[in-house]
Amino acid sequence: MACNCAVEGEKCFVSTGNCPSGCKAGFYGQGCNKTCDPGFFGIDCRNKCSNCLGQCEGKDGKCTSCATIGKKLPYCSEDCDPGFYGSECKSNCSQTCSQTGSVCNITEGNCLSCKPGFYGFNCTTPCSSNCKDSVCDIKNGNCVSCTSRYYGKMCSNVCSKNCKDSICEINSGNCTNCKSGFYGANCTKSCPTNCKDSVCDINHGICISCNTGFQGDKCDEECSNSTYGESCKAKCSSNCNTNSHAARFCDIENGRCLNGCRSGFQGLDCTTSTSNLDKEGDCSQVLASGIGIGIGVMIAADIVIGIVICIWFKRRQKPPPKPRDTAVRNYDHVNPIQQNEHPYDTVDKTGNAYDLIQDVVSFNKNNNSVVTDNGKASYKNTGGSSGSAL
């Protein structure tokens with residue numbers, strides 16, 4: 001009788017048919033000749049199949065099919081590996097499911113999270129192109145945040161053109177801040193004209209500060225008769241004349257006194273004391289006199305320099321002197337010119353001739369006598385030499 005003993009080749013008892021070592025896996029009963037009943041496996045069929053659909057292999061308990069979706073073969077006791085789902089984990093998760101974690105539900109296959117830019121059951125629907133960073137809710141596709149200029153669940157609405165940096169609240173579309181010159185929920189209202197730099201409160205349009213000469217929440221009131229400047233914070237000079245019937249004492253923009261100064265003061269804002277000017281002198285007059293004297297001195301110097309240059313230039317243009325006659329002449333019959341008798345006293349002293357005569361006089365003083373010969377100036381040197389000058 002063949003027995004299915006646990007030990008290969010072992011013989012069973014003749015009387016009972018039982019094996020000394022027991023039955024091998026998948027068999028039981030007298031003589032170990034019965035296969036395991038459905039749902040059991042192992043030695044003497046003592047082990048129960050875990051999650052098989054129908055019979056498992058009696059020897060090792062492997063399932064041919066799993067009773068529970070999301071469990072993997074062969075024993076149907078472990079969940080599907082990441083990226084797989086369904087019966088015996090034979091189905092692949094969507095490629096647009098996030099690659100982190102379990103990726104998709106092991107029974108139904110719906111993505112647990114999506115790659116950026118997709119939403120839906122299997123993450124197959126693209127998010128709105130106006131979703132910031134292409135991120136939206138995995139179930140309904142609502143944008144988590146919007147790119148500039150857009151608002152709404154799907155970021156399909158355009159923010160007001162007057163929103164600063166084109167940014168508005170994602171649900172309501174209200175501007176988070178306004179461009180200069182506007183206020184209101186959608187920044188559609190204009191700030192008051194005299195708000196400084198056209199800036200006002202976004203909710204109520206109240207000016208942060210006023211232009212020069214105006215005051216009030218809307219900067220629509222001119223400064224009082226004694227104030228001026230930005231938001232009318234400056235006061236007119238106490239030296240402005242206040243005795244006139246004029247409505248204002250000083251200019252609302254620069255504080256200049258409009259009706260003159262009180263006695264003893266002068267200047268645009270009447271801050272200069274006339275008594276100080278009497279003691280110290282009018283600096284402007286002193287300065288003007290100094291400037292006038294300086295200019296006069298400069299002009300005189302220029303004239304002198306011009307005259308010197310002109311004389312030098314004219315002398316440069318004189319023709320070269322003719323060669324002197326070196327022949328010895330007898331001047332005994334000529335009367336020497338008496339002292340103080342100069343034949344050139346009547347000569348015009350403004351031309352080249354005058355310059356020549358001056359040279360002759362100088363020469364005479366150094367050489368004792370001057371004579372004339374046929375209309376030419378001549379000299380007789382006391383040292384014995386003689387000559388003529390042209």
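- Side-chain contact of Thr107 with Asn105: a donor-acceptor pair under 3.5 Å is present, judged by distance alone.
- Cys76 has its SG atom within less than 2.5 Å of the SG atom of Cys66.
- The closest donor-acceptor contact from the side chain of Ser160 to the backbone of Asn186 lies under 3.5 Å.
- Less than 2.5 Å separates the SG atom of Cys175 from that of Cys163.
- Sulfur atoms SG of Cys114 and Cys97 are positioned 2.5 Å or more apart.
- To the nearest 0.5 angstrom, Asn239 atom CG is 7.5 Å from Cys261 atom SG.
- Atom CD1 of Ile206 has more than 12 heavy atoms from other residues, nucleotides or ligands within 6.0 Å.
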Residues 219-228 side chain polar contacts: donor-acceptor under 3.5 Å, at least two apart:
{"residue": "Ser224", "atom": "OG", "partner": "Thr227", "partner atom": "OG1", "Å": "3.0"}
{"residue": "Thr227", "atom": "OG1", "partner": "Ser224", "partner atom": "N", "Å": "3.2"}

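- Here OG of Ser145 is found 8.0 Å from CG of Asp133. Values are rounded to the nearest 0.5 Å.
- Looking at every heavy atom in both residues, Cys232 comes nearest to Gly213 through SG-C, 3.9 Å.
- Distance check for Cys195 and Cys200: the SG atoms are not under the 2.5 Å cut-off.
- Taken as a pair, Cys155 and Cys146 meet the criterion of an SG-SG distance shorter than 2.5 angstrom.
- In this structure, Cys178 and Asn162 have side chains that are not in contact, with every pair of non-hydrogen atoms separated by 4.5 Å or more.
- Residues Glu169 and Thr176 have side chains that never bring a donor and an acceptor to within less than 3.5 angstrom of each other.
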Subject >> disulfide (SG to SG under 2.5 Å) assessment of Cys111 paired with Cys93 >> reply: CA-CA 7 Å; Cys111 298; Cys93 297; over 6 Å; no
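- At distances below 3.5 Å, at least one donor-acceptor pair connects side-chain atoms of Asp137 with backbone N or O atoms of Lys139.
- Heavy-atom neighbours of Lys59 NZ from other residues, nucleotides or ligands within 6.0 Å: at or below the threshold of 12.
- With rounding to the nearest 0.5 Å, the separation of OG1 in Thr64 from CG in Leu53 is 7.5 Å.
- The structure places OG1 of Thr124 at 12.5 Å from CD of Gln95, a figure rounded to the nearest 0.5 Å.
- With respect to the salt-bridge test (charged N to carboxylate O, under 4.0 angstrom), the residues Asp81 and Lys72 qualify.
- Glu78 has no carboxylate O lying under 4.0 Å from a charged side-chain N of Lys71, or vice versa, which leaves the two without a salt bridge.
- If you check the gamma sulfurs of Cys45 and Cys23, they are not less than 2.5 Å from each other.
- Cysteines Cys5 and Cys32 keep their SG atoms at least 2.5 Å away from one another.
- The line from CZ of Phe249 to SG of Cys270 is 12.5 Å long, rounded to the nearest 0.5 Å.
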